[in-house]
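Note that the numbering runs from 1 along the sequence shown for the chain. FYI, side chains are in, hydrogens and waters are out, and symmetry mates aren't considered; it's all heavy atoms of this structure.
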Amino acid sequence: MKKKLIGRKDILNFPRLKLEGIEVKIDTGAYSSSIHCRYIKLEQKNGKKVITFVLLDPTHPKYHGKKFTSSTFKEKYVKSSNGVSEKRFVITTDVLIYEEKYKIELSLTERISMTYPVLLGRKFLSKKFIIDTAKRNLSFKKLNKKKD
């Protein structure tokens, strides 16, 4: 498989999460990928563990307030940028890059103080992409060029 070139930032779509035009940061310093969400809860429904969460927050222009429920998730310890390990829920979803769909694991966390609501880490990037830190929005620009 030929690796695709991406920059340090891009604007991507997450169809199963009903999010389009979301700014992401490409972070080779981070191992895992994460997405900003709120109201993350572990609940019991019909005798089965499920998580519920709301993506982004009302201050974000792409916020839609939709509550998601998933019975398919993992719990992992993730070391944050400040070096503190915290237990997070991790979901698997799809992301569109250059109009190609990729499976991605995203840890659910509050990133309200961060500039970008989504961070793509090495685990996802490895063997798929080459990063040019001097560039940005390569996938988004190509998608918009096709629309013109």
Sequence neighbours excluded, which residues qualify as side chain to side chain donor-acceptor pair (under 3.5 Å) partners of [X]?
| X | answer |
| --- | --- |
| Asp132 | none |
| Thr59 | Asp57 |
| Lys62 | none |

[atom1]/[X] to [atom2]/[Y] distance, rounded to the nearest 0.5 angstrom?
| X | Y | atom1 | atom2 | answer |
| --- | --- | --- | --- | --- |
| Phe140 | Ile11 | CZ | CD1 | 4.5 Å |
| Glu100 | Ser139 | CD | OG | 10.0 Å |
| Lys87 | Phe89 | NZ | CZ | 7.5 Å |
| Leu106 | His36 | CG | NE2 | 13.5 Å |

Which side-chain N or O atoms in residues 66-73 pair as donor and acceptor under 3.5 Å with protein atoms at least two apart or in another chain?
from: Ser70; atom 1: OG; to: Thr72; atom 2: N; distance (Å): 3.1
from: Ser70; atom 1: OG; to: Thr72; atom 2: O; distance (Å): 2.9

Exercise for the section: Answer whether the closest heavy-atom distance between the side chains of Leu55 and Ile35 falls below 4.5 Å. Expected result: yes
Practice task
State, yes or no, whether a side-chain contact exists between His60 and Pro117 at a heavy-atom distance under 4.5 Å.
Solution key: yes
Problem - Shared-cluster residues of Leu119, by chain and number - hydrophobic side chains joined below 4.5 Å - result: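 None; Leu119 is a cluster of one.
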Exercise for the section: Begin from the C-alpha positions of Thr93 and Ile104 and carry the test side-chain contact (heavy atoms from CB on, under 4.5 Å) through to its verdict. Expected result: CA-CA 6 Å; Thr93 192; Ile104 185 169; 3.9 Å; yes
Apply side chain to side chain contact (heavy atoms under 4.5 Å, CB included) to [X] and list each qualifying residue two or more places apart in sequence or on a separate chain.
| X | result |
| --- | --- |
| Lys2 | none |
| Thr109 | Ser34, Glu86, Arg88, Arg111 |
| Lys101 | Asp94, Leu96 |

Problem - Shortest non-hydrogen contact from Val78 toward Ser32 - result: CG1-OG, 3.8 Å
Problem - Shortest non-hydrogen contact between Phe124 and Lys103, atoms and distance - result: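 Looking at all heavy atoms of both residues, the shortest contact is CE1-O, 3.6 Å.
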Practice task
Answer yes or no: are there more than 12 heavy-atom neighbours, outside Arg136 itself, under 6.0 Å from its atom CZ?
Solution key: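 It does not: Arg136 CZ has 12 such atoms or fewer within range.
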Practice task
Decide if atom NZ of Lys4 counts as having more than 12 heavy atoms of other residues, nucleotides or ligands within a radius under 6.0 Å.
Solution key: yes
Handout entry: Any pair counted as side-chain hydrogen bond (donor to acceptor under 3.5 Å, both in side chains), so long as it reaches residues 116-126, sequence neighbours left out
Key = Lys9-Tyr116, Glu105-Lys123
Exercise for the section: Only one of Leu120, Ile131, Ile130, Asn137 passes side-chain contact (heavy atoms from CB on, under 4.5 Å) with Ile6; say which it is. Expected result: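 Exactly one candidate clears the test, Ile131.
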Determine all donor-acceptor pairs shorter than 3.5 Å in which one atom belongs to a side chain in residues 12-28; sequence neighbours excluded.
from: Asn13; atom 1: OD1; to: Gly21; atom 2: N; distance (Å): 2.8
from: Arg16; atom 1: NH2; to: Thr92; atom 2: O; distance (Å): 3.1
from: Asp27; atom 1: OD1; to: Gly29; atom 2: N; distance (Å): 2.9
from: Asp27; atom 1: OD1; to: Ala30; atom 2: N; distance (Å): 3.3

Please tabulate, for side-chain N and O atoms in residues 38-51, each donor-acceptor pair with protein atoms closer than 3.5 Å (sequence neighbours left out).
none

Problem - Pair Phe129 + Tyr102: ring centers closer than 6.0 Å - result: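 Close enough - the centres of the two rings lie under 6.0 Å apart.
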